[in-house]
Amino acid sequence: KKTLTYLFSLAAVLLMASCSVYKYVPEGEYLLHKVDVSTVGESDLGSISHYRNMSYQVPNTKWLGLLRIPLRVYSMSGKYSDDPSREGLFRKIGEQPVILDTMLCSNSMENMKRSLTNAGYLKADVKSEIRYFRKPKADVSYLLDPGPCYVVRTYRTEINDSEIDSLITASERLNPSLIHEGMKFDASVLENERERIASFLQTRGYYNLGKDVFYFVADTVAGSTDVSLTMYLRPRRQGRTGGDDRYHVYTIDSVSYILGGKGADTGDLSGFQRTQYGTESYYSIPGKDGSFRLKPRIIRNHSFLTSGRLY
């Protein structure tokens with residue numbers, strides 16, 4: 001039984017190996033055989049696979065790093081052109097050949113260069129080389145030249161709102177700023193810092209203040225990789241009628257509790273009984289004796305929503 005299984009597997013491998021991987025490569029085009037990414041000299045870019053994953057095209061899958069079995073399975077579909085169901089099966093479980101697209105190569109170069117720039121390598125450059133073979137296949141090589149890494153030498157904030165400025169200072173006592181002198185000028189860190197500050201302020205009543213109200217200005221000097229970084233707060237957009245340009249703190253004005261019933265989801269409270277306790281409203285369908293099934297006092301004692309509290 002084991003011998004039969006072995007022979008069957010061997011026959012299947014030989015059958016697939018006999019199928020040309022170039023069978024469905026259009027004339028004048030090339031199968032993408034390999035994508036390679038390397039750097040100029042020594043660099044501290046970390047794992048090069050991060051940049052290899054930025055290629056918009058990836059060669060066909062290899063099993064055990066040897067044979068492109070899925071592509072060969074796809075190529076077998078031509079053997080059964082007289083049997084549409086079997087031909088469709090091979091195409092479904094197989095893998096269509098990846099054809100070299102030079103436009104996507106250019107897009108991949110731009111993608112890698114953008115990533116290097118965002119990581120602090122402001123003078124980065126990326127080049128590509130395509131090697132064509134006698135068989136209709138091609139290898140693509142990307143060469144990364146990161147250049148010097150720019151570093152934050154000074155960092156300060158210019159916030160034209162004293163309340164927000166003091167809260168940002170308070171936030172750093174709980175969660176230190178992600179930006180510090182001596183760090184790489186990394187755009188992802190700047191983005192995370194904006195999110196950190198906005199999230200903190202939203203818990204202090206600035207519920208509609210998002211990260212986009214904060215922006216950075218970076219100053220550099222010719223011939224130096226030092227960056228002077230400043231964070232600013234955008235002025236609040238005024239409405240058509242003008243008014244205050246300061247960001248407002250929101251508080252809870254009143255609270256309404258809808259205690260079950262068919263109208264709770266639709267907002268139709270015509271069958272509900274309303275009871276008012278100060279700024280709190282309780283809507284419920286009363287029981288047979290006219291009382292609430294769930295006492296408002298119990299809800300009040302277990303709720304953190306109170307009038308006048310920061311929203």
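- A side-chain donor-acceptor contact under 3.5 Å links R309 to the backbone of F304.
- Atoms CG and OH, on N208 and Y250 in that order, are 4.5 Å from each other to the nearest 0.5 Å.
- T220 has its side chain out of reach of F185: every pair of non-hydrogen atoms, C-beta onward, lies at least 4.5 Å apart.
- Side-chain contact check for S171 and R196: at least one donor-acceptor pair (N or O, by modelled atom type) lies under 3.5 Å.
- Residues V213 and L233 have side chains in contact (heavy-atom distance under 4.5 Å, counting atoms from C-beta outward).
- Put simply, the side chain of Q57 reaches to within 4.5 Å of the side chain of L100, judged on heavy atoms.
- Rounded to the nearest 0.5 angstrom, Y311 OH and Q202 CD are separated by 10.5 Å.
- Not one N or O on the side chain of N111 forms a donor-acceptor pair closer than 3.5 Å with the backbone of N107.
- Taking the side chain as every heavy atom from C-beta outward, Y30 and I99 never approach each other to under 4.5 Å.
- Taking each heavy atom of L104 and Y56 in turn, the nearest pair found is O-CD1, 3.9 Å.
- In this structure, CG in L45 is found 6.0 Å from CG in L116, a value given to the nearest 0.5 Å.
- In this structure, the side chains of D125 and V40 stay at 4.5 Å or more apart for every pair of heavy atoms.
- Hydrophobic clustering (ILVMFWY, side-chain heavy atoms < 4.5 Å, transitive): V25 and L71 are in one cluster.
- Remark: the backbone N or O of S47 is not paired with any side-chain donor or acceptor of R52 at under 3.5 angstrom.
- Here the closest non-hydrogen pair linking S75 and Y24 is CA-CE1, 3.8 Å.
- Note: H50 NE2 to S115 OG = 3.5 Å, rounded to the nearest 0.5 Å.
- Separating the CD1 atom in I197 from the NZ atom in K211 is a distance of 12.5 Å, to the nearest 0.5 Å.
- For N60 (side chain) and Q96 (main-chain N/O), a donor-acceptor pair under 3.5 Å exists by modelled atom type.
- Taking the charged nitrogens against the carboxylate oxygens, K123 and D145 have no contact shorter than 4.0 Å, which rules out a salt bridge.
- Counted by atom type alone, K184 and Y121 present one or more donor-acceptor pairs between their side chains at under 3.5 Å.
- For the pair T225 and P148, the tightest heavy-atom approach, listed with the atom from each and the gap, is CG2-CB, 3.7 Å.
- For the pair T117 (side chain) and L122 (backbone), a donor-acceptor distance under 3.5 Å is absent.
- Looking only at side-chain heavy atoms (C-beta outward), M54 and K113 stay at 4.5 Å or farther from each other.
- For the pair L31 and P136, the minimum side-chain heavy-atom distance is 4.5 Å or more.
- Checked against side chain to side chain contact (heavy atoms under 4.5 Å, CB included), R153 has the following partners two or more places apart in sequence or in another chain: V151, D226.
- In this structure, the side chains of E163 and Y247 stay at 4.5 Å or more apart for every pair of heavy atoms.
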**Request:** Begin from the C-alpha positions of Y51 and T39 and carry the test side-chain hydrogen bond (donor to acceptor under 3.5 Å, both in side chains) through to its verdict.
**Result:** CA-CA 10 Å; Y51 296 94; T39 61; over 6 Å; no
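- M112 and V58 fall into different hydrophobic clusters, where Ile, Leu, Val, Met, Phe, Trp and Tyr side chains are chained together by heavy-atom contacts under 4.5 Å.
- Looking at E193, its side chain does come within 3.5 Å of a backbone N or O of L178 through a donor-acceptor pair.
- Once rounded to the nearest 0.5 Å, the distance linking OG of S199 with CG of N175 reads 10.0 Å.
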